[in-house]
Amino acid sequence: MKIFERFLHIDRRIIFVLIFIGVALPLIWTLGFNLEVTENVESVYNLMEELEPGTRILISFDYGPSTKPEIQPMAIALMEQAFTNRIRIIAIALWPMGVQMCNEAFEKVSAEYPNIEYGIDFINLGYKVGGMVTINHMAKDFRSTFPTDGGGNPIDEFPIMKGIKNFDKLGCVISLSAGDPGLKQWVMIAHDTFGKPVGGGTTAVQAPIMLAYVNEQQQLVGLLGGLKGAAEYELLVNKPGFATKGMDAQSVAHLIIIIFILIGNIGYFATRKKDTMKS
Amino acid sequence: MRVYILLVILIFFSFALCAQDISFTASDNPNDDGGAILLEWNVPPSFPEMIITRSIDKENYIEIARVTPLLKTYIDDENIEDGQEYFYMLSVPKMNGETLQSFSASAIARAQWFNTDKISLLIMTILLGSAILYFILSARRGKRLYIRKISGLDTIEEAVGRATEMGKPLLFVPGISDLDDMQTIAGLNILGHLAEKVAQYDSTIYVPVCRSMVLSTAKEIVKESYLRAGRPDAFNPDSVFYLTDDQFGYVAGVDGIILREKPAANFYLGAFYAESLILAETGFESGAIQIAGTAMPTQIPFFVAACDYTLIGEELFAASAYLSNEPNQLGSLKGQDVGKAIIILTLLVGVVLEMFGIHFLKDFLATH
Amino acid sequence: MKRQIPMLITFFVGALIIVSEFIPHKPFGNLSTSLGGWFLIISGFAIILGQLSLFKVNIIKISRKAPNWPYFIIALVSFSIMVTCGILWGTQKQPGLIPISDKMLNFFGYKPFDYIFKYMFENLSATMFSLLAFFMASASYRAFRARNAESTLLLVAAVLVMLGRTTIGSTLTCWIPESLGFLHLPNIASFIMKYPNTAGQRAIMICAGFGVIGSSLRIILGIERSYLGGK
Amino acid sequence: MEILMHRIGIWIGVFLTFAIFSFLYKDNPFYKIAEQIFIGISAGYWFIYTIYNILIPNLFVPVTTDFAHNFILLIPAFLGILMLCRLIPSIDWVSRYALAVVVGTTAGLFFKRYLQSDVLNQLTATMLNPFASSNAAQIIGELILIIGTITGIVYFFFSKKHEGAFGTTARVGIYFLMVSFGAAFGYTVMARISLLIGRLNFLLGDWLGILKP
């Protein structure tokens, strides 16, 4: 019976070390588990695929470096898909760090698309505070919300902004979000008030909540949830990247955590039975 | 003459060819504050790019957009004045791209006094608003409103009793948000009740906080509770103290208290973020009774798994209303319950109607 | 004056926003649109307020020699360096007060502000949250017990989702024949997410929605005043 | 030079990463230093971006270049300055005027948007005919969805005692809530591990260079 008691008191530093190793090793030696694309990810992909070349979409970068590993791969994959299909991107950020996240992604992707030009195929309008109120404001009066791009140049100078006064001329809205303000606010305003299709990617923490919006009312067309969602999207656009590479490590770490949950519970039940027998 | 006949035949033929497929209309963009005209067309998708032109005198047409048949609609909001009639021309090139064929339409933009898309929203607004107001007013007039007992709350007394027996203190964590978060206020309301019990049993309570505004309010509340219990002398102002504003720094501090003082019971009531699991784990290891409550949907799982009782979401507010007996909170809660009852009934009716293939109710409620 | 006028403002602004939803006509529609622009500017000042009060609080702590006060000097210094770099040379495409020389740009590879962001802030921020991976693992082991029906359901759902939402789920159950496809872990996880999870989340969402509606109404009508400070 | 500064940057990043990881052992001065640097830089970043991306383009430039059309913006600017008065305790009450506009706008918008998106649209999205499908899993699933939503709402009903049939319904509701908490728990594990993967990718890849790019 002693072994069960020991089950209950494994030093947490052992767990820390095992998690560290469990994540590190599969990064170095990939195992190559197979990956399946799920419905919600495919819906976002199809939403983008069905847009006509030249259509302008809005991508909102509502995250920062703290959740970069989960969301940046989505941003990169989405940009790849957009530029391949000649979809034009108007980028904004509701989180101040989103501005730099967006520029990093653009720098990385645009290197492979030499004919993509800032101001024609892509623009970064920078950060605005205010969350839902600001989204509502830009839906009514885009130009007074964003009089300039992120570098302080008037938006009238850029062809991509021609005729954009509200959301009417946008093909769809995509929000890459790590919390509040983010995807929820976009669903509430862009779709539920102004009828624009909204798709998006969130951290895995947010995903179960946001899934309630992926419904018959199409409040949310589809959802990329966490690193797995990003990996599936990389598979769809055929550009395996960071997310795909991370999936093995993710799987191994989950397995370690599940094993520890089991050990803890086995110990718990075994010792509890003993306790009740004693009493 | 021959030219005319030829023209007529040509026009007739082109109409005959296209009439069944092609249409083009202009109308005031509905439910807005004016300044926009809605253009709609129905053109076979095989047609190439088309041009929309606009004029105010039917003579000088200016190009406003190039569109594809698939787009189906276009909202013209460039310098449109309300009350002025605008004429539009949709120029459709033929399949071979040679001659152009044009369709015209006209419309006047206006602002609307009522947004007809929002009738169901308006009805719900009125129903819900008046229910909440009605119950708040009747609670203020002294009507007793019933609120069910929240199961976790019974354990408060039990926990205080156990702590007194064991000679150990209690720990109350009001979350890491400031006073502008309703969850913090709800948590502090419960703290008031808890501190009163602590004063009655002559036990000790620690309240570490991470916002300076919360510090002064919490101090005030605990002091008042001791006064209500008739033990103002027993109040120790140092039992409510500020640690740090920083999330992890605060958690490290609270963890230290749990490990050092080994409280008999830990209460986590308020707004919590990622720190919830660290707190719940440390408390669980120390063997304390743990009671938690938060409306943060992402953090509830950790509390449910590691605490003895968890107030889930709205239960936190209900508990606060129940304990404080404040008419505004009670009335509002009751009004919201009316809303929930309406939703459940509508949902049941809606599902039955859907089963019989009647979509009226669903279509009426679904607006955007 | 100190409480009545703010409450009146809240009432007018809140009521205007709600009414403009149903009456798009002037003056409701355009007034509520202007309010959105005002909100943006006032919120901008509110952020500045937040940073300045952080500055103030730290100075007070240092001057009073609060516990750990030397650390707060570090916060002040890093804040000042970041702000100075941002104001002097600007950020990314945004020019600052003085144009950045090519020599400096070649030296750092970035503007100083962006250099600090990229190498210091990104690493600090990402590491801060990755700490949680370790705590998560140890908390799962030490605190998550199937103590009663509720927590058992929670744990079973969690384990199924953790298995199903990674590649390991499909690898573990790939031997199950096609006819029993619903037993594939990814399918089980998808089913849980799509139906029972959505049902639970939706119930919470609707009830929390009523909570928000109730408190908004109380704030607009001046019944709830805690935001003005004090009780 | 650029490459040298890049290497130095990576080393700074590695130092800061380990300084924070040291918290896993226990709270220590290295962690505290890294934490304060984080707080300081973060505040500085917000400060700069608010000025460059909001106050200059949305307030300063419009007012200085086209005063006649934009003088109305002086009102929010004035309110914003009132907001800053909170720093001075003796007149901090004037910030309530600005706060009232912010709180009123938010409350008004929240009222209608939560009613629309989180109540009405969730309601219509649950009005389904489960028997419309021929797929058994979907029929069961949609029945679960309808029952789960209703019983879940019943659990949050506070004006009636949980006893008898009503209590049983609420009991079923709590089980559905538990399943969604379990799912949320599983997803959160996933999220946190992903962040660690990101960190190790930096340490093993960018720093030690033992990962294939």
Side-chain angles (χ1 to χ4, degrees), chain C residues 2 6 9-10 13-14 17-18 21 35 38-39 41-42 44-47 49 51 54 71 74-75 78-79 82-83 86 94 107-109 119 121 123-124 127 129-130 132-134 136 150 153-154 157-158 161-162 195-197 199-203 205-207 209 212-213 216 219-220 227-228, chain D residues 1-2 5 9 12-13 16-17 20 32 36-41 43-44 47-48 50 52 54-55 59 76 79-80 83-84 93 96 98 100 103-105 107-112 114 118-119 122 141 144-145 148-149 152-153 156 176-183 185-186 192-193 195-196 199:
Chain C
K2 288 185 182 178
I9 296 176
T10 308
V13 169
I17 296 276
I18 293 180
E21 180 84 358
L35 253 170
W38 293 16
F39 184 91
I41 293 169
I42 301 173
F45 278 99
I47 293 187
L49 169 73
Q51 314 319 335
L54 180 84
Y71 294 106
I74 297 172
S78 22
F79 177 78
M82 200 63 175
V83 170
Q94 174 80 46
F107 181 75
F108 282 109
Y119 291 110
F121 185 77
N123 287 310
L124 281 165
T127 314
F129 281 82
S130 71
L132 289 165
F134 296 103
M136 189 89 212
E150 279 100 345
L153 257 179
L154 190 152
V161 167
M162 278 162 71
Y195 300 114
N197 166 63
Q201 293 292 356
R202 193 165 280 170
M205 204 177 250
I206 291 175
C207 296
V212 172
I213 292 164
S216 302
I219 288 172
I220 293 171
Y227 69 93
L228 290 174
Chain D
M1 215 49 194
E2 198 182 324
M5 283 314 283
I12 295 173
L16 294 173
T17 302
I20 291 188
K32 282 208 180 78
Q36 293 302 324
I37 296 176
F38 174 64
I39 293 171
I41 295 181
F47 190 87
I48 288 294
T50 306
Y52 280 149
I54 296 159
L55 295 183
L59 176 65
L79 288 169
M83 192 73 132
L84 293 184
W93 59 271
R96 287 177 185 167
V103 171
T105 314
L109 197 63
F110 273 25
F111 181 90
K112 55 191 196 184
Y114 274 83
D118 280 10
V119 177
Q122 296 301 320
I144 287 180
L145 184 64
T149 308
I153 300 176
F156 288 113
F176 278 100
L177 295 179
M178 287 304 147
V179 173
S180 43
F181 293 146
F185 172 66
R192 304 306 184 210
I193 296 293
L195 301 186
L196 181 62
R199 268 315 61 203

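All chains are named by letter (A, B, ...) in the order of the sequence lines, taking the proteins before the strands, and each is independently numbered beginning at 1.
Annotation: maximal heavy-atom pairing with chain D below 4.5 Å, among G109(C), A157(C), P6(C), occurs at P6(C). For chain D, the option among S216(C), G86(C), G200(C) with the highest count of heavy-atom pairs below 4.5 Å is S216(C). With respect to chain C, the highest number of heavy-atom pairs below 4.5 Å among L16(D), V103(D), I20(D) belongs to I20(D). The candidate from I74(C), I219(C), L54(C) with the greatest count of non-hydrogen atom pairs under 4.5 Å with chain D is I74(C). With respect to chain D, the highest number of heavy-atom pairs below 4.5 Å among I41(C), I17(C), N197(C), T127(C) belongs to T127(C). In terms of heavy-atom pairs under 4.5 Å with chain D, the best-connected choice from I18(C), L35(C), L154(C), I206(C) is L154(C). Contacts with chain C were tallied for V119(D), I39(D), I12(D), I193(D); V119(D) has the most, counting heavy-atom pairs under 4.5 Å. Between chain D and the options V13(C), I9(C), I42(C), L124(C), heavy-atom pairs under 4.5 Å are most frequent for L124(C). When each of G141(D), G13(D), A98(D) is scored by its heavy-atom pairs under 4.5 Å with chain C, the top score falls to G141(D).
Rounded to the nearest 0.5 angstrom, Y71(C) OH and Q36(D) CD are separated by 9.5 Å. The line from CG of L59(D) to CH2 of W38(C) is 12.5 Å long, rounded to the nearest 0.5 Å. Rounding to the nearest 0.5 Å places CG of L177(D) at 9.0 Å from CD of Q201(C). The CZ atom of F39(C) sits 6.0 Å away from atom OG1 of T105(D), with the distance rounded to the nearest 0.5 Å.
At distances below 3.5 Å, not a single donor-acceptor pair connects side-chain atoms of R192(D) with backbone N or O atoms of M136(C).
Within the 4.5 Å cutoff, the side chain of L196(D) has heavy atoms near those of the F134(C) side chain.
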Candidate pair R199(D) and N123(C), rule side-chain contact (heavy atoms from CB on, under 4.5 Å), full reasoning:
CA-CA 8 Å; R199(D) 268 315 61 203; N123(C) 287 310; 3.0 Å; yes
So L145(D) and R202(C), side-chain contact (heavy atoms from CB on, under 4.5 Å) or not? Walk me through it.
CA-CA 9 Å; L145(D) 184 64; R202(C) 193 165 280 170; 3.9 Å; yes
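Smallest separation of non-hydrogen atoms from F45(C) and L84(D): O-CD2, 3.7 Å. The shortest heavy-atom contact between A100(D) and T10(C) is CB-OG1, 3.3 Å. Among all heavy-atom pairs drawn from V179(D) and P196(C), the shortest one is CG1-CB, 3.8 Å. Of all non-hydrogen atoms in F156(D) and C207(C), the two that sit nearest each other are CB-SG, 3.5 Å. When every heavy atom of G209(C) is checked against every heavy atom of Y114(D), the shortest pair comes out as CA-CD2, 4.2 Å.
Residue contact with chain D, scored on non-hydrogen atoms closer than 4.5 Å, involves the backbone and the side chain of I213(C) alike. Proximity to chain C is limited to the side chain of I48(D), based on heavy atoms less than 4.5 angstrom apart. The parts of V83(C) that come within reach of chain D are both its backbone and its side chain, each placing non-hydrogen atoms under 4.5 angstrom from that chain. Heavy-atom distances place the side chain of I54(D), and not its backbone, under 4.5 Å from chain C. Residue contact with chain D, scored on non-hydrogen atoms closer than 4.5 Å, involves the backbone and the side chain of F107(C) alike. If you measure heavy-atom distances from T17(D) to chain C, the contacts under 4.5 Å come from both the backbone and the side chain. Using a 4.5 Å cut-off between heavy atoms, I144(D) contacts chain C through both its backbone and its side chain. Proximity to chain D (any heavy atom under 4.5 Å) is restricted, for Q94(C), to the side chain, taken from C-beta onward. For K112(D), the part sitting under 4.5 Å from any heavy atom of chain C is the side chain, from C-beta outward, and nothing else. Looking at M205(C), the atoms closer than 4.5 Å to chain D (heavy atoms on both sides) sit in the backbone and in the side chain alike. Residue contact with chain D, scored on non-hydrogen atoms closer than 4.5 Å, involves the backbone and the side chain of L132(C) alike.
Ring planes of F79(C) and F47(D): perpendicular class, angle over 60° (limits at 30 and 60°).
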